[in-house]
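Letters A, B, ... mirror the listed sequences (proteins, then strands); counts begin at 1. Computed from a predicted structure; not experimentally measured. FYI, side chains are in, hydrogens and waters are out, and symmetry mates aren't considered; it's all heavy atoms of this structure.
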2 protein chains.
Amino acid sequence: MAGKSNARAVFAAADHDHDHCIDSALDAASGLCARRGARLTAQRRRVLALVWRSHAPQGAYAILATLHRDGHPAAPPTVYRALDFLLAQGLIHRIESLNAFVGCPTPDTPHPGHFLICDGCGAAAEVNDRRIGAAIRRSAGDVGFRIERQTIELRGLCPECQGTGQEPAHGD
Amino acid sequence: MAGKSNARAVFAAADHDHDHCIDSALDAASGLCARRGARLTAQRRRVLALVWRSHAPQGAYAILATLHRDGHPAAPPTVYRALDFLLAQGLIHRIESLNAFVGCPTPDTPHPGHFLICDGCGAAAEVNDRRIGAAIRRSAGDVGFRIERQTIELRGLCPECQGTGQEPAHGD
DNA sequence: CGTCTGAAGGTTATATTATAACATTACAAT
DNA sequence: ATTGTAATGTTATAATATAACCTTCAGACG
């Protein structure tokens, strides 16, 4: 039973048109950078496309390897610099528990990233639930802590991967 | 203004008796391991003591270096194995955003760790707020996601470090 | 058009974090 | 004493990330 009945879809369907995801992410990034006067160079655009290669967060060295295979060899600093730019523009998020990066579906508005990360298929879904945000703010407020940055990463199994005996693996 | 008025204290006071923290953590660990039939060897005990050296999370290589200085030289696998044991027993938590480890103040009951981490003094306070837990469970439940593990790390400034122009540094 | 400037990218080396693989030792049960 | 297993030691290396310095390129401005 892989269905999720009335659950709101946050994980992309297995058969979705992922090229569309990539294209719209790149389009959104172009517009956003143009508006901000930030330079989305060919290099940065390639790295962004590779981060969006999958809904599973991509490691810097995986991106590096793919750049090589694609005929655009680069050294680590090049990739990390591009990632730093994309992070600064809010176009991607870093997943601390995986040392990896994932595309942001809503780069126009600044927000902390709250993620559900499936250990079956590897996909990360960004949720940004108001209730989580509110609970966190209240909890920190109670003790006088000023939050500057949040790392909220929930690992487990997405609806599709439950009951299929999955756990390891890394679906692309 | 470093006061926190009516805020519940979750960060240890600057002048607290930290040796007491260490001693009670070691005592708790001894009891807990004895009850469970787990072997808290001298090596593991030393590593636990070094994790508790400060309320600031300690990196594996910092622990390694201190072991050397203390006349108990070790190689990385030794330290990582001890840390793995301590994690498995719930005696410490890993802070993903720092690649570091911090002692658990309540190792008797299993729980996800929710942390406030001060970028001023470096201290990490474990909170485990019921509201955060509830919000997370509801949010994940809504979309049919099964949570296996949580990484909740809130970075910012503790009450003591606010208004003191702090930000970097790493108070011990 | 030229040239100047600063940002982006290239290059080399190295730091930091973590684990694989295999050998040895210590411990506790019989 | 013997033996089986868990713990530790040892060596090497993998994986992630950055420092430092140099070159190139794109756009601003005269």
Quiz item: Is it true that A/Arg146 and A/Glu148 make a salt bridge, defined as a side-chain N closer than 4.0 Å to a carboxylate O?
Solution: yes
Quiz item: Is A/Glu96 salt-bridged to A/Arg149, going by a charged N under 4.0 Å from an acidic O?
Solution: yes
Exercise. Using a 4.5 Å cut-off on heavy atoms from C-beta on, say whether the side chain of A/Val51 contacts that of A/Leu91.
Key: no
Quiz prompt | Heavy-atom side-chain contact between A/Val79 and A/Tyr61 under 4.5 Å | solution = no
What is the distance, to the nearest angstrom, from the [atom1] atom on [X] to the [atom2] atom on [N]?
X: A/His68; N: C/dG10; atom1: NE2; atom2: P; result: 11 Å
X: A/Tyr80; N: C/dA15; atom1: OH; atom2: C1'; result: 12 Å
X: B/Asn99; N: D/dT16; atom1: CG; atom2: C1'; result: 9 Å
X: B/Gln89; N: D/dA7; atom1: CD; atom2: C1'; result: 14 Å
X: B/Gln43; N: C/dT25; atom1: CD; atom2: P; result: 16 Å
X: A/Glu96; N: C/dT17; atom1: CD; atom2: P; result: 13 Å
X: A/Arg81; N: D/dT16; atom1: CZ; atom2: P; result: 19 Å
X: A/Leu87; N: D/dA17; atom1: CG; atom2: P; result: 11 Å

Respond yes when some side-chain nitrogen or oxygen of [X] is under 4.0 Å from OP1 or OP2 of [N], and no when none is.
X: B/Arg44; N: D/dA6; answer: no
X: B/Thr78; N: D/dG9; answer: yes
X: A/Thr41; N: C/dG9; answer: yes
X: B/Tyr61; N: C/dT16; answer: no

Quiz item: When you measure from the side chain of B/Pro76, which nucleotide among C/dT19, D/dG9, C/dG10 comes out closest?
Solution: C/dT19
Quiz prompt | Residue A/Arg39, side-chain atoms from C-beta onward, closest of D/dA17, D/dC21, C/dA7 | solution = C/dA7
Quiz item: With a 4.0 Å cut-off on heavy atoms, is B/Arg94 in touch with a base, just the backbone sugar-phosphate, or nothing at all?
Solution: sugar-phosphate
Exercise. State which residue, out of B/Thr151, B/Leu154, B/Asn128, fulfils the side-chain contact (heavy atoms from CB on, under 4.5 Å) condition with B/His114.
Key: B/Asn128
